[in-house]
Engineer: 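Provided herewith is a single structure, encoded as structure tokens, for subsequent inquiry.
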Amino acid sequence: MEEIYDPAAVERTAQEYWNQRRTFEVREDNAREKYYCLSMFPYPSGRLHMGHVRNYTIGDVLARFMRMQGRNVLQPMGWDAFGLPAENAAMSNGVPPAKWTRQNIAYMRNQLKSLGFAIDWSRELATCDPSYYRWNQWLFLRMLEKGIAYRKTGVVNWDPVDQTVLANEQVIDGRGWRTGALIEKREIPMYYLNITRYADELLGALDDLPGWPERVKLMQANWIGRSEGCEIMFPYGPDTRAAMSADGALKVFTTRADTVFGVTFMAVAAEHPIALEAGKSNPELNDFIEECRRGSVMEADVATQEKKGMPTGLHVLHPFTGEPIEIWVANYVLMGYGEGAVMGVPAHDERDFEFALKHALPIVPVVLPESFPAEIAALRGRIEAERSAIDAAKAERIASLEREIAARSFDTHEWRSWYGDSGITLSSSEFSGLEFKVAVDAIAAALEKKGLGRKRIQYRLRDWGVSRQRYWGCPIPIVHCGECGDVPTPDEQLPVVLPEDLVPDGSGNPLAKTPAFYECTCPKCGKPARRETDTMDTFVDSSWYFLRYACADQSRAMVDERVDYWLPADQYIGGIEHAILHLLYSRFWTKVMRDLGLVKISEPFNNLLTQGMVLNDIYSYQPPDGRKRYFNPTDVTTRRDADGSEIHEVTTSDAGAIRVVHEGLGKMSKSENNGVDPEGLVARFGADTARLFTMFASPPEQTLAWSDEGVQGASRFIRRLWVAVYDHVSKGLPSKLDTGTLTPGQRDLRRSAHQALAKATDDIGRRRNFNTAIAAIMELLNTIGRFDDVSPQGRAVRHEALEIAVIVLAPITPHVGHALWQALGHETALVDERWREADKAALVQDAVEIVVQVNGKLRGRISVAVGADEATVREAAVGDEHVRKFVGDKPIRKVIVVPGKLVNIVV
RNA sequence: GCGAGAGUGGCGGAAUUGGUAGACGCGCUGGCCUUAGGAGCCAGUGGGGAAACCCGUGAGGGUUCGAGUCCCUCCUUUCGCACCA
């Protein structure tokens, strides 16, 4: 063993040892309990970033920990290799996306290997390989057969200058990122997957996922958004019938059927057929519809934009009163959601209220919220008295009382939060005086009788549009034939191979300009036909890769029986940003495969850990004229001013030393130039330091703030451990530990070591709090450092304590552990070692410190024997001199004893 | 706008089930060692106070013998919002 810790040499030796023995390649073995440790696969962007390092270190710690627990551990890795960045890179440097992507994969694979992750590389996959994506195509065809995949129109962002569809990310403030042109919405035919068919199961099965964070399950539940409500038809008025040249009704969905008597307008989307029809004869309205078509399709934009509307002049009839209600076009109603139309109830919906105020529409209160002042409740009591025997005069009195309630309880100029609450209906004809649920039931029943509505369950979740008008993705296996229509590519012609030599130029999908790709013959009739040039959403690729790892070499089927051994994954680790879409799509895809008989599981991930982002300081300089510049924190020097405030400076080649502004902490990103390159970190400190710091700096689910000093602290700790082991073994290996003959000091160290072991085991195995496990070992090393007993038994106890430190750190800093384990005299490799169990006998203590409070404030400490009864503890507490000072001669009202912890004396 | 989190010393964080707030690390201060220090070792370090003590977990209220932890209102901030991955 070397006296000086040399990370590069230590890491080379350990990695060679694992590679030569293929330590992390695993086989299915029914005799052993498996552990499938899955991390979200990376997009091959070019270089690893700190988020990757954190993600895969968390996974690696768990994988290695479980291996030491004796489990058959699978930890695979692959590449989410299709997607937009490859096309952008191609546009800026002319290299085809395939070449760029494969180069990136090769580079990043080496970076991952340098970090020493316990990955089974024999199962590596890349989604851009035909051997992978052919099964996307194959399953898509199965979904078509089952009616799960279908074609309908969808709305996309259209850049009128580049004549291309843009991703939401490529739309900045309503304009195209490259052209700056105002974006339009455009409807095009697309393929959809019927995820809403699974909405109920996706929602209900969340209860079967105890290993998922509550917040993720809540977000998914809200995203699916099950609501019980009512479909209501508003029959066309004579003017609308004439305009549409047909009878008909405007259909809406509402969860508040109890407010149907408060409807004072209808709002439809700009793309709604009634709006389009009305626009034909009304140039002003037509302009407004055009205006609505501009702007992005993003929900956040739609929700925050100014609410605008315009009347169509057309009417529908109220389903109960028959009164005409005017139809408006509103920019906050979207064609893609529900029916593309809503009923406007300004008195009980905030958005409708705002709309009504702006356009001077009537506001008619028809619900009295339950939480209402007594005087108004009294008025309601009088209504109930009148209602018992109705005649014309009484009906008028009721109506007048209801108007009085409405006048007193509603200010129609200002929205109050409780206007939207449910309560008792009023001014609602025969449905007045009913509680929310009763009112909804009665109104739904009456509507159903008239054929104008019914109760229905609706989901917020929409079907998944998977068509992308882009090149670098999995081709959709469809042929469009003039005679036969849309014809699925026969299975034996799969995969439909994506040509890899195209270079996009930003003006639409290059596949659509490549006859060699799209010219084909119809599989049905043999006549010339056109191949579909849309590719699949990359979320398709990532919806089942975790199944394919189980059988990555299977060329004849999508999956095989090995999936039954490995799946579901015991642990899935990835960013919280995937809490909804990726995780929901993967759950859906798994259920579809189950229903096709391909897998036996219903849920793919048993436990989920959502890791926080990696942050770093952001430093910027805003020149008086010109663009703001960002400086990497490594280039910034910080000193203190005379008054103690910090000054941050950067020396630039062009402007010399300039003072920069510290903007605080932000996610590591290119745009803010605050990234830390893992490669440089490994070169300077070694992989173990990088791993140790990322695990120590914060618990996995929280954000991690980067700190160069913190990294040095991690490096310092590893060196201290190295020196401690070196000093110990340089005096020779100690004799055998005899636990029966230890001195009190030796027993203390031994207790500290086993306490640290017990804590770390719980922290890693149950709580997934690696930072506190590391802290426990740091504390142990401090304790070992203070222990100066060099007797044979003293050295034996120290030896055991050092072994515990090395074993607990093995999953976190495996390379240095490998070296230290050998130094401690072992022939076996640490990676094959079993985790230790804390020795209960070593943990035993004879006395325990009890805290004494007086009126909840800490006033003293007493030491009592372990297991002392309550009366003894109480007596010792009351008798404590310091405590007596605070109790004085005041009478003791109550004494609370928390065994083993604390006594609170209330005076 | 809607949905979900987070907020504790100078900094990252600890406090696991409502029971000692600040473990561990960084930084800082002082000392030792060294030709030297961006190395190492030792000591100190929430604020106020001479001390006794008092104050302190984003703000304000509440429940409790006891609240960082539970409840209500508010502020700040992060993530997601369906074509970034």
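Within every chain, numbering begins at 1; the chains are lettered A, B, ... in the order of the sequence lines, protein sequences first and strands thereafter. Because the structure is a prediction, the values reported are computed rather than measured.
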Engineer: Measuring from the side chain of A:Asn222 (C-beta onward, heavy atoms only), which nucleotide among B:rG1, B:rG38, B:rA4 has the closest atom?
Structural biologist: B:rA4

Engineer: Choose from B:rC81, B:rC84, B:rC83 the nucleotide whose nearest atom is closest to any side-chain atom of A:Met190.
Structural biologist: B:rC83

Engineer: For the pair made of CH2 in A:Trp706 and C1' in B:rC26, what is the distance, rounded to whole Å?
Structural biologist: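 After rounding, the gap between these two atoms is 14 Å.
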
Engineer: Starting at the 5' end of RNA chain B and moving along, which residue's nearest nucleotide shows up first, A:Pro42 or A:Val297?
Structural biologist: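 It is A:Val297, whose closest nucleotide lies nearer the 5' terminus.
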
Engineer: Search all heavy atoms of A:Val897 against all heavy atoms of A:Val873 and return the closest pair with its distance.
Structural biologist: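 Shortest heavy-atom separation between A:Val897 and A:Val873 comes out as CG1-CG1, 4.2 Å.
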
Engineer: Just do the ring-ring contact (aromatic ring centres under 6.0 Å, His included) check on A:Phe696 and A:Phe770 with the steps written out, would you?
Structural biologist: CA-CA 7 Å; A:Phe696 179 61; A:Phe770 311 118; over 10 Å; no

Engineer: So which nucleotide from B:rG1, B:rU16, B:rA14 ends up closest to the side chain of A:Glu299?
Structural biologist: B:rG1

Engineer: Looking at the base of B:rC83, is there any donor atom on it, or on the side chain of A:Gln469, that sits under 3.5 Å from an acceptor on the other one?
Structural biologist: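 When only heavy-atom distances are counted, A:Gln469 does reach the base of B:rC83 through a donor-acceptor pair under 3.5 Å.
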
Engineer: Remember a base hit wins even if backbone is also touched, and classify A:Leu902 as base, sugar-phosphate or nothing at under 4.0 Å, heavy atoms.
Structural biologist: base

Engineer: Report the distance from atom CD of A:Glu709 to atom P of B:rA39, rounded to the nearest whole Å.
Structural biologist: 11 Å

Engineer: Got a list of protein N/O to nucleotides 70-80 of chain B N/O distances below 3.5 Å?
Structural biologist:
none

Engineer: Which nucleotide in the set B:rU20, B:rC84, B:rA15 lies at the smallest distance from any side-chain heavy atom of A:Arg767?
Structural biologist: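 Comparing B:rU20, B:rC84, B:rA15 against the side chain of A:Arg767, the answer is B:rA15.
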
Engineer: From B:rA82, B:rA85, B:rG12, pick the nucleotide closest to the side chain of A:Phe539?
Structural biologist: B:rA85

Engineer: Looking at A:Tyr5, is A:Arg719 sitting on its ring face, NZ or CZ under 6.0 Å from the six-membered ring centre and within 45 degrees of the normal?
Structural biologist: no

Engineer: Keeping the roles fixed (side chain from A:Ser715, backbone from A:Phe685), state whether a donor-acceptor pair exists under 3.5 Å.
Structural biologist: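 No, because the side chain of A:Ser715 does not come within donor-acceptor range (under 3.5 Å) of the backbone of A:Phe685.
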
Engineer: Counting side-chain heavy atoms from CB outward, which of B:rC65, B:rU20, B:rG25 is closest to A:Arg861?
Structural biologist: B:rU20

Engineer: Expressed in angstrom and rounded to an integer, what is the separation of A:Ile764 atom CD1 from B:rU16 atom P?
Structural biologist: 19 Å

Engineer: Ignoring the backbone of A:Lys901, work out which of B:rG19, B:rA4, B:rC83 is nearest its side chain.
Structural biologist: B:rG19

Engineer: Just the rounded figure in Å: distance from P of B:rG38 to CZ of A:Arg719.
Structural biologist: 14 Å

Engineer: Choose from B:rG13, B:rU20, B:rU16 the nucleotide whose nearest atom is closest to any side-chain atom of A:Arg766.
Structural biologist: B:rU16

Engineer: Heavy atoms only, 4.0 Å cut-off, all strands: where does A:Leu704 land among base, sugar-phosphate and nothing?
Structural biologist: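 Contact class for A:Leu704: none.
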
Engineer: A:Tyr585 side chain: which of B:rA82, B:rU16, B:rC65 is closest?
Structural biologist: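 From the listed options, B:rA82 comes nearest.
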
Engineer: Below 4.0 angstrom from OP1 or OP2 of B:rG1, is there any side-chain N or O of A:Arg351?
Structural biologist: no

Engineer: Please measure how far the C1' atom in B:rG18 lies from the corresponding atom in B:rG66, and state the result in whole Å.
Structural biologist: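 Per the computed distance, 8 Å lies between those C1' atoms.
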
Engineer: Can you find an N or O donor on one side and an acceptor on the other, under 3.5 Å apart, linking the side chain of A:Asn904 with the base of B:rC65?
Structural biologist: yes

Engineer: Using the P atom as the reference point in each nucleotide, state the distance between B:rU64 and B:rU69 in Å, no decimals.
Structural biologist: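 Taking atom P in both B:rU64 and B:rU69, they lie 16 Å apart.
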
Engineer: If you measure from CZ on A:Phe82 to CZ on A:Arg468, what distance do you get to the nearest 0.5 Å?
Structural biologist: 14.0 Å

Engineer: Can you tell me how far the OG1 atom of A:Thr304 sits from the OH atom of A:Tyr332, to the nearest 0.5 Å?
Structural biologist: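 Spacing of OG1 (A:Thr304) from OH (A:Tyr332) equals 15.5 Å.
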
Engineer: Give the ring-plane orientation class for A:His52 versus A:His49, where under 30° counts as parallel, over 60° as perpendicular and anything between as tilted.
Structural biologist: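 The rings of A:His52 and A:His49 lie parallel, inter-plane angle below 30°.
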
Engineer: Would you tabulate the nitrogen or oxygen pairs shorter than 3.5 Å linking the protein to nucleotides 41-52 of chain B?
Structural biologist:
none

Engineer: Could you walk me through whether A:Asp762 and A:Arg767 satisfy the salt bridge (Lys or Arg N to Asp or Glu O under 4.0 Å) test, starting with their C-alpha distance in whole Å, then the side-chain angles of each, then the deciding distance to 0.1 Å, before giving a yes or no?
Structural biologist: CA-CA 6 Å; A:Asp762 187 49; A:Arg767 299 176 66 212; 5.0 Å; no

Engineer: Which nucleotide sits closest to the side chain of A:Glu169: B:rC84, B:rG5, B:rC24?
Structural biologist: B:rC84

Engineer: Enter the distance from A:Trp177:CH2 to A:Glu169:CD here, rounded to the nearest 0.5 Å.
Structural biologist: 7.0 Å

Engineer: Provide, to the nearest angstrom, the distance between the CD1 atom belonging to A:Ile224 and the P atom belonging to B:rA4.
Structural biologist: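 Checked: the CD1 to P distance equals 14 Å.
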
Engineer: On a whole-Å scale, what distance lies between the C1' atoms belonging to B:rU76 and B:rG58?
Structural biologist: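 Roughly 7 Å separates the two C1' atoms.
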
Engineer: Has the side chain of A:Lys759 got a donor or acceptor that lies under 3.5 Å from a partner of the other kind on the base of B:rU16?
Structural biologist: yes

Engineer: Give the stems involving RNA chain B, where a stem is 3 or more consecutive Watson-Crick or G-U wobble pairs (i with j, i+1 with j-1, and so on) under 3.5 Å.
Structural biologist: B:1-7 with B:75-81, B:10-12 with B:24-26, B:27-32 with B:40-45, B:46-48 with B:53-55, B:58-62 with B:70-74

Engineer: Would you call A:Arg351 and A:Glu354 a salt bridge, using N to O less than 4.0 angstrom?
Structural biologist: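 The answer is no: the pair does not qualify as a salt bridge.
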
Engineer: Using ring-ring contact (aromatic ring centres under 6.0 Å, His included), reason through A:Phe693 and A:Trp706 one step at a time and then give a plain yes or no.
Structural biologist: CA-CA 9 Å; A:Phe693 172 72; A:Trp706 196 257; 4.9 Å; yes

Engineer: Over 60° means perpendicular and under 30° means parallel, so classify the ring planes of A:Trp589 and A:Trp464, tilted if in between.
Structural biologist: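 If you compare the ring of A:Trp464 with that of A:Trp589, the planes turn out perpendicular.
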
Engineer: Could you check whether A:Lys857 makes a cation-pi contact with A:Phe886, meaning its NZ or CZ is under 6.0 Å from the centre of the six-membered ring and within 45° of the ring axis?
Structural biologist: no

Engineer: Given B:rC54, is OP1 or OP2 found less than 4.0 Å from the side-chain N or O atoms of A:Arg859?
Structural biologist: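 For B:rC54, OP1/OP2 do have a side-chain N/O of A:Arg859 under 4.0 Å.
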
Engineer: If we take the C1' atom in both B:rG56 and B:rG48, what is their distance in whole Å?
Structural biologist: 11 Å

Engineer: For the atom pair CG (A:Asn331) and NZ (A:Lys307), what is the distance rounded to the nearest 0.5 Å?
Structural biologist: 7.5 Å

Engineer: Taking only the P atom of each, what is the distance from B:rC28 to B:rG60 in whole angstrom?
Structural biologist: 33 Å

Engineer: Mind calculating the distance between CZ (A:Phe696) and C1' (B:rC26) to the nearest angstrom?
Structural biologist: 9 Å

Engineer: Enter syn or anti for the glycosidic conformation of B:rG37, syn applying to angles within 90° of 0.
Structural biologist: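 The base of B:rG37 is oriented anti (glycosidic angle more than 90° from 0).
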
Engineer: Could you state the atom-to-atom distance from NZ of A:Lys894 to C1' of B:rC65 in whole Å?
Structural biologist: 5 Å

Engineer: Rounding to an integer number of Å, can you tell me how far A:Leu858 CG sits from B:rA67 P?
Structural biologist: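 So the two atoms are 14 Å apart, to the nearest Å.
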
Engineer: Checking all strands, does A:Ser698 fall into the base, sugar-phosphate, or nothing category for heavy-atom contacts under 4.0 angstrom?
Structural biologist: sugar-phosphate

Engineer: Pick base, sugar-phosphate or nothing for A:Ala579, based on heavy-atom distances below 4.0 Å to the nucleic acid.
Structural biologist: nothing

Engineer: So, A:Lys901 and A:Glu849, do they make that salt bridge, N to O below 4.0 Å?
Structural biologist: no

